[in-house]
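This report concerns only the one structure given below.
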Amino acid sequence: MVDLSVQIGDLCLKNPIMPASGTFSEDLATVFDLNQLGALVTKTITRGIRQGNPTPRVCEVSGSMLNSIGIPSKGVGPFIADMVPFYQAYNSPLVVSISGNTADEFARLCEEISVPGVAAIEVNISCPNIEEDGKAFAMRPASTLDVMRKLRAATDLPLWAKLTPNTGETSDVARAAEEGGADALVVSNTMLSMSIDVKSRKPRLGNLMGGLSGPSLKPISLRMAYQCAKAVDIPVIGCGGISTIDDVLEYLIAGASAVQVGTATFIHPTVMVQMIGALEAYLTEHNIPSVRDLIGSVRDEEAADTVVFMEAAP
Amino acid sequence: MTAAVLHVTPDSVPANERVFESECLVKSNMPVNNDYRLLILDAPAEILNCTPGQFFHIQCPVRGGHQPYLRRPMSIYGYFPEKGELQFLYKIAGEGTAALAELESGESLNVVGPLGQGFHIADDWQNLLLLARGVGLATLAPLALEAQRLGKKLTAICSARSPELLMSIDYFRDLGAEIITVTDREGTSDLAHLQGVIEGLIAGPGIDAFYTCGSNRLLKLLQELGAKHGIPGEIALEQQMACGLGMCQCCVRSFRAENGIVHKRVCKEGPVFDLQEAMGW
């Protein structure tokens, strides 16, 4: 019997597979038993009501997709009233993703959502779809440190900081999040992208630009997860383009303690359940007693730190 | 291989709300006319507990030059639990349906469903009017079958560009429906003519409910007639989708509500909506 459990700060997960925010909701409970998952990560909510972006909100690009959903949110009140009780029926820990337009508004929501039934808060300091041309807290170390300190002061719950690939300062942002009080890093989010219909010459998303997700994002997110795992002492949760068991293994070997599966669930709603079974089978077959033995087992002995933290291709 | 559901479904979910990811086998995939093809699948019994108006989310194959990534939502043309059969009527409109058209008998196809909220037929509705154009009739075919099963009187107004593109006429006729065809070529499909036909039905045998799908023009006409004569109705709507399950919020449309305009997900709150709530596009 192999051990699939992993530790994310004070939180013990029964296995390292969980959904990525925005690609999961209570609706998936109509397909399989959610207790099979390592954690339940909800779609980002904001304090107030948000309608989201104009349609089309999604388009596909050669084996991946772009989205500009725009964080439609019913607000914090209805979430606490309806969603938190719904997830209390499950024993997998509930991780609530939140976002805000300013650091103070963000911190206020962080305080309000710190209620019984919530096991951890994922702070989406990276969403490229909010106002101000997609600028996000996690693009720079200083704004990351500032918002994380305010969020840390607002709650005693574990804080998972979700980073963005839309930065040239990955390692510095990761260290700033750790210094600001993050208990774990989620690495990372969608990458700002665009697609144009050549026949109509119109952008294929109603919001003109959106976030790339799916298999083509994976090498970028994997590189970032590797860099972040080298840069900080807190756990890293890999996220980006994971659709097969080999993708899961790759992130774990790179240094991630757990992974989030997103767009792949749109293609195969039961993919996370299949990955958990495949991970167990892999460990059994290779006589590896614990999934924790895989974490950070990448054979990179030859690489110097200057290479590890590079922000441009050689 | 045989058709099969790929996972264990949760007991806690009522049977009619369960969603399945399944492998089906292609029985046949043939053209029915110049524009449309009929796909018949051998499907596991569990997934055929459907309601008329529901849809499946189909993983079109990566084939030749076609590389569809996301699933494609497709309304159910027919579901027959007694023979384990699921049918879709489709037109090649893009990469996904072009790839689908290349599937041959014996190949497998991954489908997720049944999904969404279907049509309602109130017990006291006796005279039902179906109005649709082109492939829109495909969406209404399971409703016609259900109406026949319930012993309702059915009138179907079928609209198309030309007479040879009128589809499913025999299917509806076999179900005992009264068929009225209108076409652009014959000059009978314009709104004024349609309005006259429908007003005639209302004045004659009477109509208890309207059902339609897909067309902005037909929606507006039925909304006006429904408001004027106090006749309820439902419309099946389409929208581009990603997950099909309600998670991603991609497929929202605007609807009239008591407190203003609201967004609803076509995949989850729909695809069938109240006729008067729906907004033109």
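Convention: sequence-line order gives letters A, B, ...; per-chain numbering from 1.
Crowding of B/Asn34 atom CG: a count of heavy atoms from other residues, nucleotides or ligands under 6.0 Å not exceeding 12. No more than 12 heavy atoms of other residues, nucleotides or ligands lie within 6.0 Å of NZ in A/Lys74, so this atom counts as exposed by the packing criterion. Environment of CD in B/Glu104: sparse, with no more than 12 heavy atoms of neighbouring residues, nucleotides or ligands closer than 6.0 Å. A/Leu208 CG: more than 12 foreign heavy atoms inside a 6.0 Å radius. Within 6.0 Å of CZ on B/Arg217 lie more than 12 heavy atoms contributed by other residues, nucleotides or ligands. Residue A/Gln274 qualifies as enclosed at atom CD: its count of foreign heavy atoms under 6.0 Å is above 12.
When heavy atoms are compared at a cutoff of 4.5 Å, B/Val8 approaches chain A solely by way of its backbone atoms N, CA, C and O. Using a 4.5 Å cut-off between heavy atoms, B/Val13 touches chain A through its side chain atoms alone. Heavy atoms of A/Pro72 lying under 4.5 Å from chain B belong exclusively to its side chain. Contact annotation for A/Thr23: only backbone heavy atoms (N, CA, C, O) come within less than 4.5 Å of a heavy atom of chain B. Contact of B/Val252 with chain A is made through backbone and side chain together, with heavy-atom distances under 4.5 Å. The part of A/Ala29 that comes within reach of chain B is its backbone (N, CA, C, O), which places non-hydrogen atoms under 4.5 angstrom from that chain. In this structure, chain A has no heavy atom under 4.5 Å from any part of B/Pro14. With a 4.5 angstrom heavy-atom cutoff, B/Asn110 touches chain A only via side-chain atoms. Interface remark: A/Val58 contributes backbone and side-chain atoms alike to the contact with chain B (heavy atom separation under 4.5 Å).
Using a 3.5 Å distance cut-off with no hydrogens or angles, the side chains of A/Thr30 and B/Glu17 do not pair a donor with an acceptor.
Atom CD1 of residue A/Ile69 and atom SG of residue B/Cys248 lie 5.0 Å apart, to the nearest 0.5 angstrom. In this structure, OG in A/Ser73 is found 9.5 Å from CD in B/Gln249, a value given to the nearest 0.5 Å. For the atom pair A/Ser25 OG and B/Lys268 NZ, the distance stands at 7.0 Å (nearest 0.5 Å). Rounded to the nearest 0.5 Å, atoms CZ (B/Phe20) and CZ (A/Phe32) are 14.5 Å apart. The SG atom of B/Cys243 lies 9.0 Å from the CG atom of A/Leu28; values are rounded to the nearest 0.5 Å. A/Arg57 contributes atom CZ, which lies 9.0 Å from atom SG of B/Cys251 (distance to the nearest 0.5 angstrom).
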message: Let's go through A/Thr263 and B/Tyr69 carefully: what are the C-alpha distance in whole Å and the side-chain angles of both, what is the deciding distance for side chain to side chain contact (heavy atoms under 4.5 Å, CB included) to 0.1 Å, and is it a yes or a no?
response: CA-CA 10 Å; A/Thr263 307; B/Tyr69 177 64; 3.5 Å; yes
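B/Gln67 contributes no side-chain N or O that, together with a main-chain N or O of A/Gly63, makes up a donor-acceptor pair within less than 3.5 Å. The backbone N or O of B/Leu70 lies less than 3.5 Å from a partner atom in the side chain of A/Glu60, making a donor-acceptor pair.
Among the candidates B/Gly246, B/Ser12, B/Ser254, the residue making the largest number of heavy-atom pairs closer than 4.5 Å to chain A is B/Gly246. Of the listed residues (B/Val62, B/Val19, B/Asp11), the greatest number of heavy-atom pairs within a distance under 4.5 Å of chain A belongs to B/Val19. Heavy-atom pairs under 4.5 Å with chain A peak, among B/His7, B/Glu21, B/Gln240, at B/Glu21.
The shortest side-chain heavy-atom distance between B/Val112 and A/His268 does not fall under the 4.5 Å cut-off. A/Ile267 has its side chain out of reach of B/His57: every pair of non-hydrogen atoms, C-beta onward, lies at least 4.5 Å apart. Contact of the A/Val31 side chain with the B/Leu245 side chain is registered, since non-hydrogen atoms from C-beta on lie closer than 4.5 Å.
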